[in-house]
Amino acid sequence: MESRIKGKIALVTGATSGIGRSCARELAKLGCNVIVAGRRAGMLEAVRMEVIAAGAKAYSLVMDVRDSRQVMEKINSLPTEWSDIEILVANAGLSRGTDKIYEGRIEEIDEVIDTNVKGLIYTIKAVVPQMVQKDLPGIVITMGSVAGNAAYAGGAVYCASKAAARYIADGLRIDTMDTRIRVTNIEPGMVETEFSIVRFRGDEAKAKNVYKGIEPLTADDVAQTVAYVCNLPENIQLPEVIVTPNKQADALNKYVNK
Ligand code: NDP
Ligand code: 8X3
């Protein structure tokens with residue numbers, strides 16, 4: 001793929017694993033210099049090395065997107081050579097538990113909403129103003145989900161958080177219509193990453209079972225979609241992209257080989 005984004009600075013949140021990690025690598029392959037963000041410093045260092053191995057520059061930002069002050073301070077005090085962020089992949093997120101909404105643990109409900117909804121807003125609020133002020137042809141990718149388009153059993157809070165991501169993206173797209181910024185909500189279906197292990201509170205057997213009888217997407221599949229969107233000509237905006245494995249139609253329907 002010919003790169004239109006060579007030399008641009010990208011910030012990827014949730015870059016320590018899964019989709020974010022793959023996005024950091026794919027953007028680096030297209031010549032972007034990448035700021036990788038997440039909470040686990042050791043994992044960030046590994047991703048930073050992967051970006052460098054792909055021939056780009058990399059900078060690590062240890063931050064918890066739930067902490068608004070940390071997000072604002074860390075992003076606003078980036079070294080000058082890293083401060084013109086043109087591509088934001090706001091990907092950090094999680095699901096925790098599969099309880100019925102009236103039985104869910106308050107601390108886990110807070111964790112999901114604080115990360116997926118408030119963390120997303122804080123990240124946008126920290127990055128987008130400089131895109132507007134500098135009149136940059138910015139690209140904002142929000143990581144939604146097919147779960148944002150339909151609720152399912154045991155997923156009320158997560159699904160609500162991903163519906164919120166969709167509407168945050170829609171609102172931002174409207175609020176930036178008079179700028180060069182484009183906004184895309186990516187809505188993946190099943191992707192095998194650490195996601196299900198986190199959702200099942202570390203139970204790897206339960207997590208593996210989610211993908212029994214169906215070939216899920218890989219993190220690289222989603223990252224290639226993100227890279228494609230980021231590399232489009234400036235006048236093309238894809239408001240949303242739904243990406244599922246072949247045997248999954250949407251959040252509720254999938255064909256499982258018995
Ligand atoms: P992973 O668990 O592999 O990655 C999640 C990433 O989010 C990690 O890098 C983690 O980093 C980061 N993260 C979580 N909480 C925070 C926080 N408070 N502050 C900063 N970073 C945080 O899962 P995926 O790669 O699959 O998930 C990435 C995104 O894709 C999520 O938003 C998820 O909802 C979405 N998605 C996933 C699908 C799937 O089936 N896997 C399908 C549809 C959407 P660290 O722990 O180091 O902070
Ligand atoms: C995660 C995808 O299908 O587990 O956002 O809801 S799914």
Side-chain angles (χ1 to χ4, degrees), residues 11-24 36-47 60-68 70-71 74-75 89-98 108 110-120 122-123 126 141-166 168-169 185-202 207 209-211 214 216-223 225-226 240-245 247-254 256:
L11 166 64
V12 180
T13 69
T16 53
S17 78
I19 295 170
R21 188 172 184 156
S22 288
C23 285
V36 289
R39 293 168 301 178
R40 289 170 290 177
M43 305 284 279
L44 273 186
E45 183 52 21
V47 186
S60 299
L61 211 53
V62 180
M63 78 179 183
D64 185 332
V65 296
R66 293 172 297 180
D67 182 338
S68 59
Q70 208 184 94
V71 172
K74 295 243 175 176
I75 291 177
V89 182
N91 159 80
L94 81 163
S95 177
R96 192 79 82 178
T98 52
E108 293 185 343
D110 285 345
E111 185 183 21
V112 171
I113 298 294
D114 289 351
T115 307
N116 297 6
V117 183
K118 292 165 78 177
L120 171 60
Y122 300 153
T123 306
I141 303 286
T142 53
M143 198 53 67
S145 168
V146 291
N149 302 333
Y152 52 74
V157 175
Y158 179 68
C159 293
S161 78
K162 289 301 175 180
R166 184 176 174 186
I168 289 164
N185 189 45
I186 305 278
E187 299 161 23
M190 301 173 83
V191 192
E192 190 164 6
T193 60
E194 290 179 14
F195 176 85
S196 289
I197 300 172
V198 172
R199 171 175 259 178
F200 290 111
R201 307 182 182 110
N209 200 41
V210 170
Y211 309 109
I214 188 162
L217 295 173
T218 65
D220 284 350
D221 295 331
V222 181
T225 309
V226 168
E240 62 181 328
V241 177
I242 301 174
V243 49
T244 64
K247 301 286 190 251
Q248 182 184 22
D250 54 33
L252 306 178
N253 295 287
K254 56 181 187 276
V256 178

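Indexing begins at 1, ligand by ligand and atom by atom, following the structure's order.
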Handout entry: Selection from Gly189, Ser145, Ala219, Ser196 by shortest heavy-atom distance to atom 42 (C) of ligand 1
Key = Gly189
Exercise for the section: Measure the distances from the heavy atoms of Gly119 to every atom of ligand 1 and state whether one is below 4.0 angstrom. Expected result: no
Handout entry: Close approach of Met43 to ligand 1, heavy atoms, under 4.0 angstrom
Key = no
Exercise for the section: Tell me which part of Met63 gets within contact of ligand 1: side chain, backbone, both or neither, using heavy atoms under 4.0 Å. Expected result: backbone
Exercise for the section: Using distance alone, decide if ligand 1 has a nitrogen or oxygen within less than 3.5 Å of any nitrogen or oxygen in Arg39. Expected result: yes
Problem - Nitrogen or oxygen atoms of Thr16 and ligand 1 under 3.5 Å apart - result: yes
Exercise for the section: Looking only at distances, please establish whether an N/O atom of ligand 1 is found under 3.5 Å from an N/O atom of Tyr211. Expected result: no
Problem - Sub-4.0 Å heavy-atom contact, Lys162 with ligand 1 - result: yes
Practice task
Check whether any side-chain N or O of Asn91 sits under 3.5 Å from a backbone N or O of Gly14 as a donor-acceptor pair, and report yes or no.
Solution key: yes
Exercise for the section: Answer with yes or no whether Arg199 contacts ligand 2, where contact means a heavy atom under 4.0 Å from a ligand atom. Expected result: yes
Practice task
Kindly give the heavy-atom pair with the smallest separation between Val36 and Ala15, and that separation in Å.
Solution key: CB-CB, 3.7 Å
Handout entry: Residue pair Ser22 / Asp220, side-chain donor-acceptor N/O under 3.5 Å
Key = yes
Exercise for the section: Identify, by atom number and element, the atoms of ligand 2 in contact range of Ala147, meaning under 4.0 Å from any of its heavy atoms. Expected result: 6 (O)
Exercise for the section: Measure from atom 32 (O) of ligand 1 to every heavy atom in Leu94, Asn91, Val210 and give the option owning the shortest one. Expected result: Asn91
Problem - Contact check: Pro188 vs ligand 1, nitrogen or oxygen atoms, below 3.5 angstrom - result: no
Problem - Identity of the nearest option to atom 5 (C) of ligand 1, non-hydrogen atoms only, from Gly14, Gly93, Ala90 - result: Gly93
Exercise for the section: Assert yes or no for the condition that the ring centre distance of Phe200 to Phe195 is strictly below 6.0 Å. Expected result: no
Practice task
Tell me yes or no: between the side chains of Tyr211 and Ser196, is some donor less than 3.5 Å from an acceptor?
Solution key: yes
Handout entry: Proximity flag Thr115 to ligand 1, non-hydrogen atoms under 4.0 Å
Key = yes
Completion exercise
of all protein heavy atoms, closest to atom 7 (S) of ligand 2 is Tyr152 OH, 3.5 Å
Exercise for the section: May I ask you to decide if Val62's main-chain N or O and Lys74's side chain share a donor-acceptor pair within less than 3.5 Å? Expected result: yes
Handout entry: Contact with ligand 1 for Gly144, non-hydrogen, under 4.0 angstrom
Key = yes
Problem - Val191-ligand 1 polar pair, N/O distance under 3.5 Å - result: yes
Fill in the blank from the handout: With heavy atoms and a 4.0 Å threshold, my read on which part of Ala15 contacts ligand 1 is backbone
Completion exercise
If we number the atoms of ligand 2 from 1 as shown, the ones under 4.0 Å from a heavy atom of Ser145 are 1 (C), 2 (C), 5 (O)
Practice task
Indicate whether any N or O donor in one side chain lies under 3.5 Å from an N or O acceptor in the other, for Asn149 and Glu187.
Solution key: yes
Practice task
Ignoring angles and geometry beyond distance, decide whether Met190 reaches within less than 3.5 Å of ligand 1 through its nitrogen or oxygen atoms.
Solution key: no
Handout entry: Numbered atoms and elements of ligand 2 in range of Tyr158, under 4.0 angstrom, heavy atoms
Key = 1 (C), 5 (O)
Exercise for the section: Quick one: closest heavy-atom pair of Gly97 and Arg201, and the distance? Expected result: CA-NH2, 3.5 Å
